[in-house]
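Working notes, structure below.
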Amino acid sequence: MSDLGLVRPFDCAQADDQAIAQQVGLLLGMEIPEPCVAGVAMNSRLLADHLAILRRSPEPGQ
Amino acid sequence: MNMSFLANDIARQVRSGSLRAVDVVGEALRRIDAATDLRAVTRRLEDRALKEAEAVDEQIARGEDPGPLAGVPYGVKDLFDVSGEITTAGAARLEHASPALNDAEAITRLKKSGGVLVATLNMDEFAYGFVTDNARWGITRNPHDQERFAGGSSGGSAAAVAAGLVSFALGSDTNGSIRIPASLCGVYGIKPTHGSLPMSGVYPFVHTLDDIGLFAREAEDLRLVDGVLRGAPDPAPADPRPSIALLEGWFGRDLTGQMRQALHRFTVGLGPIPSVQLTGVAQARSAAFLITAFEGGRLHRDALREAPLSYDPGTRDRLLAGATLEETAYREALDYRTVFARQLDRVFERHDVLIAPAVMGEAPRIDEPTVMIDGELKSARANLGLFTQPISFLGLPVISVPLRTEGLPLGLQLIGKKGRDAQLIALAASLSQLGLVQSHLLAA
């Protein structure tokens, strides 16, 4: 299984929708169709947020 | 026709010869035809259902026992293989695929026990969602308020059971896809111990987390069908008085007023119970999210490259993003699961069953598809699993039971140790007898 390595917090936090979609397309070897751009960017940011949470120190009750 | 659609009632009457299975099928099909506005059913399987029902009636006529589900009508989420039918997994892009050659193993077991399959049921495409908003088959409506979601991804299954179209229904649960719609539709739903029910012939989503399970109108029906699906009733001894604790902290956040009231009534009725606060639940939920995105994305990556616009927009963009997730993140998420599981093991040394809300409150409105989390409105499709994801992530058995409420349905998770599914079902039945939980059913 290859490590495509896109979704890291610093990648998505600094990029706009088009840039994120372009990077996703590059990694997948495809052009991201225009109707997908906003959704792909939003979901990439969401995954980046979850990865950041996973890497935070756990807190009691949270 | 005033016919009870409880599975135990139907099976008892059919086995005694006082009710014909073909008449039950006729009633189920009539109810399905009268409820098309729910968009719970994707296909009515009239020919198959009548054939199976006739076989049951012929066995009765010969003096044979068709089995514990004799003549009981049921439906399956449209990701179970049904012989001769196309398994769509809720995807328009699979609508013209080759039909399944055989039934899924779960359906085979139900058929051998006299169950009668009458319909396939709506779902979020490829089971990736918590609302059952399907671009091809429509939004499944909540039977208790059709302006609201039924929940998902097994929303068609929950709505069909709540509306009395079938006696029970099969679904699947990866992150909450049985517990959330069961909660929002007011029925019982079980996600079993991971790997304990047969997955053969079930369209996959996230192999690390996927399980099949079922929805029922009463806890005793849950026990009946669960026993058939396992091949034999679960022999695990049921402790009549398990030690119960309430999960607080993460699981007490963002609750609506109705949920707080219903939960308070429940705990007062149960008597004093201790509370437990877990550490690192946020990390557990995020880990479940990442495992799902990674495995789901990899499963669909090639097809997405080939024809991305053939996917439902609601799932497509999530899968595309997940398909690029780095493997190291996936490994970290799996490693965290081991750490979190150790914590739960220690909690289960002190308690037999943990309870927590299944969702924050009542079903979201379709025209306002959001939930409030920490003061922010967020997508219901992605976030209704706030309380379910950290639990199923560990492979624990969970039943969503319907709390007693005057308003829209609300569900509570009963969470058990691995392999103690029978204990949970016994507890659900006991809570029902005590009047602390009660399904919300429509008079069909």
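Just so it is clear, the structure is predicted and the values come from calculations on it, not from any experiment. In what follows, chains carry the letters A, B, and so on, assigned in the order in which the sequence lines appear, proteins first and then strands, with residues in each chain numbered from 1. Any value given below was found using the heavy atoms of this structure, including those in side chains, with hydrogens, waters and symmetry copies removed.
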Open item on the list: Does B:Gln343 have more than 12 heavy atoms from other residues, nucleotides or ligands lying within 6.0 Å of its CD?
Closed with: yes

Open item on the list: For A:Leu27 versus B:Arg305, what's the shortest heavy-atom pair and its separation?
Closed with: O-NH2, 4.4 Å

Open item on the list: Please find the pair of heavy atoms, one from A:Pro33 and one from B:Leu309, that lie closest to each other, and give the distance.
Closed with: CB-CD2, 4.0 Å

- [ ] Could you tell me whether the side chain of B:Arg301 and the main chain of A:Leu28 form a donor-acceptor pair under 3.5 Å?
- [x] no

Open item on the list: How long is the straight-line distance from OG1 of B:Thr324 back to CD1 of A:Ile20, given to the nearest 0.5 Å?
Closed with: 10.0 Å

Task: Worked check of side chain to side chain contact (heavy atoms under 4.5 Å, CB included) between B:Ser286 and A:Asp49 - done: CA-CA 9 Å; B:Ser286 290; A:Asp49 287 346; over 6 Å; no

- [ ] Using a cut-off of under 4.5 Å on heavy-atom pairs, state which of A:Pro35, A:Gly29, A:Ala38 scores highest against chain B.
- [x] A:Pro35

Task: Residue B:Leu319 versus chain A: region with a heavy atom under 4.5 Å - done: neither

TODO: Measure across A:Asn43 and B:Ala321 and return the closest heavy-atom pair with its distance rounded to 0.1 Å.
DONE: CB-CB, 3.7 Å

TODO: Determine the minimum heavy-atom distance between A:Gly39 and B:Asp317, stating which atoms define it.
DONE: CA-OD2, 3.3 Å

TODO: Enter the distance from B:Thr292:OG1 to A:His50:NE2 here, rounded to the nearest 0.5 Å.
DONE: 10.0 Å

- [ ] Decide yes or no for A:Leu54 and B:Leu290: does some side-chain heavy atom of the first lie under 4.5 Å from some side-chain heavy atom of the second?
- [x] yes

Open item on the list: Is B:Arg318 close to chain A through its backbone or its side chain, or both, or neither, when contacts mean heavy atoms under 4.5 Å?
Closed with: both

Open item on the list: If I measure from the heavy atoms of chain A, does B:Pro313 come under 4.5 Å with its side chain, its backbone, both, or neither?
Closed with: neither

Open item on the list: Quick one, A:Leu46 and B:Phe289 - any side-chain contact, counting heavy atoms below 4.5 Å?
Closed with: yes

Task: Contact class of B:Ala284 relative to chain A, heavy atoms under 4.5 angstrom - done: neither

Open item on the list: Any side-chain to backbone donor/acceptor pair from B:Gln283 onto A:Arg55? Under 3.5 Å, distance only.
Closed with: no

